[in-house]
Amino acid sequence: MKKILLTGIFGQDGSYLAEILTSLGHQVNGVARMPLRAHAARLCEHLGSKGVTPILHECDLNDDESVTALLRHLQPDECYHLAALHRSSEASRQGGEQSESAMYLPNVVSGLNVLEAAATASPHTRIVLAGSCHMYSGAVVSPQFEGLPFAPRSMYGLAKVAVADLARYYREERGLHASVAILYNHESPRRTDDFVTKKIVRGLDRMRRGESAPLELDNLHAVKDWGFARDYAEAMTLMGAQSAPRDLILATGKGRTVGEFVETAAGLAGISDWQERVRVRNPGMPARPPVRLVGDPAAAYGVLGWRHSVSFAELIAHMLECEAQGSLG
Ligand code: NDP
């Protein structure tokens, strides 16, 4: 049995990791932000209903002493640092706008605190940190691969790059087993409502139940590389189990537009007149289309022996089915 620490345990990925690691017989410890938001509280309850009852710890991830005390006390074999703020989670918590830099600095500080705490108080702990495709938003090649220089174009992406640079420092200079999972979009019934996939699935489910409200979307041309969150959680556990730490891209390698997502979902939901029922706020093609943010999963396939278990259509079908049942999957 391994002792595991998950930060952001009641987020989408944390909840799948908690399930997977519990099913493997490991002791799962978690840090969540208190008070739990409604969605996190639902996920906590959902895990409980499946017999997944992690040990929760009080810890302020933005306070170095608090993180060091936790790692010194717990001495986990592995730590998955998933906790991160993003615009929608923060806006709803704070009830207003906050500057981008103020919002994302805590993502850097918490990453640094986890790495430094492990280095000083629990150096055997293997750390997997959540990176993002937004580390490559300004890349000029597609698909992106691990050797490509990072090119963030947002404060969120910059914060993720800073954490990846810190992880490299702690790996190379301080001997930590630290890896970054460079995550492309991954979805599930556990997404919050502010993500486009959940909006689409929810909107189409309402139409399926006879509601007339249109589905409002920003643009149908945006391209995403969408996978299933549980598959990515599984890949992260394999990264933690590797003998040598290494940053890896977790992606499907296939870009799909938001329009393709809507069309596939509408087909599965049996809504043939979806084109008349979707309102698009910015229907034009972007003047200068960005490079497609699509990740090359070849290295992860080779190193981890990992594969996707769920296709694009299967992911959407699963989300639609759970939406109809009011289930978190
Ligand atoms: P979620 O937003 O679902 O989960 C993140 C969790 O972290 C939330 O429960 C949040 O709590 C919690 N959290 C934030 N700050 C803190 C803090 N200071 N202390 C404790 N908990 C905190 O995200 P995902 O599970 O989808 O993503 C996991 C990680 O992967 C994140 O780092 C994200 O940036 C990254 N990622 C995800 C992608 C995706 O497609 N899902 C793509 C690329 C990267 P609260 O509910 O209070 O906000």
Side-chain angles (χ1 to χ4, degrees), residues 5-19 29-44 46-47 54 56-64 66-67 70 79-94 98 103-114 127-137 144 152 154-164 167 180-198 224-233 235-236 239 249-252 293 295 315 328:
L5 176 62
L6 301 178
T7 73
I9 188 164
F10 299 132
Q12 172 184 254
D13 296 5
S15 66
Y16 282 115
L17 271 157
E19 249 178 73
N29 296 265
V31 173
R33 211 153 51 128
M34 297 295 174
L36 291 181
R37 292 194 302 150
H39 188 73
R42 262 192 86 201
L43 276 175
C44 170
H46 184 62
L47 289 180
L56 295 183
H57 298 268
E58 262 184 47
C59 176
D60 177 355
L61 294 173
N62 290 104
D63 175 56
D64 57 343
S66 179
V67 182
L70 176 60
C79 168
Y80 297 85
H81 179 49
L82 310 166
L85 307 179
H86 55 81
R87 173 160 289 290
S88 41
S89 66
E90 241 2 56
S92 63
R93 189 179 274 274
Q94 309 258 348
Q98 210 189 358
M103 187 184 308
Y104 294 123
L105 190 59
N107 290 357
V108 181
V109 174
S110 62
L112 172 60
N113 285 345
V114 167
I127 317 267
V128 178
L129 304 108
S132 162
C133 56
H134 290 283
M135 291 154 69
Y136 293 121
S137 295
Q144 292 84 47
S154 63
M155 291 307 283
Y156 172 80
L158 271 165
K160 290 286 187 190
V161 168
V163 172
V180 178
I182 304 173
L183 300 159
Y184 282 62
N185 290 64
H186 45 283
E187 313 299 312
S188 76
R190 300 182 187 184
R191 268 298 206 194
T192 48
D193 293 352
D194 25 65
F195 287 90
V196 68
T197 52
K198 191 64 184 256
K224 310 269 181 190
D225 177 337
W226 276 303
F228 177 40
R230 196 176 204 285
D231 283 341
Y232 291 43
M236 284 192 262
M239 287 178 70
I249 283 179
L250 302 181
T252 69
L293 264 190
L315 165 66
L328 290 167

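What you are looking at is a predicted structure, and each value in this text was computed from that prediction instead of being measured. The analysis underlying the following values was restricted to heavy atoms, covering all of them including side chains, and did not include hydrogens, waters or symmetry mates. First listed ligand is number 1; within each ligand, the first listed atom is number 1.
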Quiz item: Any non-hydrogen atom of P106 lying under 4.0 Å from ligand 1?
Solution: no

Quiz item: R191: heavy atom below 4.0 Å from ligand 1, yes or no?
Solution: yes

Self-check item: ring-ring contact (aromatic ring centres under 6.0 Å, His included) partners for H81, two or more places apart
Solution: none

Proximity winner for [atom], if only heavy atoms of [options] are counted:
| atom | options | answer |
| --- | --- | --- |
| atom 16 (C) of ligand 1 | R33, K160, H186, H81 | R33 |
| atom 14 (C) of ligand 1 | A84, C44, S188, G8 | A84 |
| atom 34 (O) of ligand 1 | Y232, Y156, Y80, F10 | Y156 |
| atom 44 (C) of ligand 1 | A130, G11, G227, G131 | G131 |

Exercise. Run the numbers on F195 and H86 for side-chain contact (heavy atoms from CB on, under 4.5 Å), then give the verdict.
Key: CA-CA 11 Å; F195 287 90; H86 55 81; 3.7 Å; yes

Quiz item: Between E187 and K224, is there a side-chain N and carboxylate O pair less than 4.0 Å apart?
Solution: no

Quiz item: Got a second to check how far R190's CZ is from L47's CG, nearest 0.5 Å?
Solution: 6.0 Å

Quiz item: What is the minimum heavy-atom distance between V161 and P152, and which atoms define it?
Solution: CG2-CG, 3.8 Å

Practice problem: Work out which heavy atom in S66 is nearest to a heavy atom in D60; give both atom names and the distance. | Solution: OG-N, 3.0 Å

Any atoms of ligand 1 less than 4.0 Å from a non-hydrogen atom of [X]? List them with their elements.
| X | answer |
| --- | --- |
| N185 | 40 (O) |
| L85 | 14 (C), 15 (N) |
| L82 | 28 (C), 29 (C), 31 (C), 32 (O) |
| L61 | 17 (C), 19 (N), 20 (C) |
| N62 | 18 (N) |

Quiz item: Where does the angle between the aromatic ring planes of F228 and Y16 fall among parallel (under 30°), tilted (30 to 60°) and perpendicular (over 60°)?
Solution: perpendicular

Practice problem: Answer with yes or no whether the side chains of D13 and H186 bring together a donor and an acceptor at under 3.5 Å. | Solution: yes

Quiz prompt | Test side chain to side chain donor-acceptor pair (under 3.5 Å) applied to S132 - qualifying residues, sequence neighbours left out | solution = none

Using a 3.5 Å cut-off on N or O atoms only, is [X] in polar contact with ligand 1?
| X | result |
| --- | --- |
| H86 | yes |
| S132 | no |
| A40 | no |

Quiz item: Applying a 4.0 Å heavy-atom criterion (strictly less than), which segment of C133 is in contact with ligand 1: side chain, backbone, both, or neither?
Solution: neither

Quiz prompt | Verdict with reasoning, N29 to H57, per side chain to side chain donor-acceptor pair (under 3.5 Å) | solution = CA-CA 7 Å; N29 296 265; H57 298 268; 2.8 Å; yes

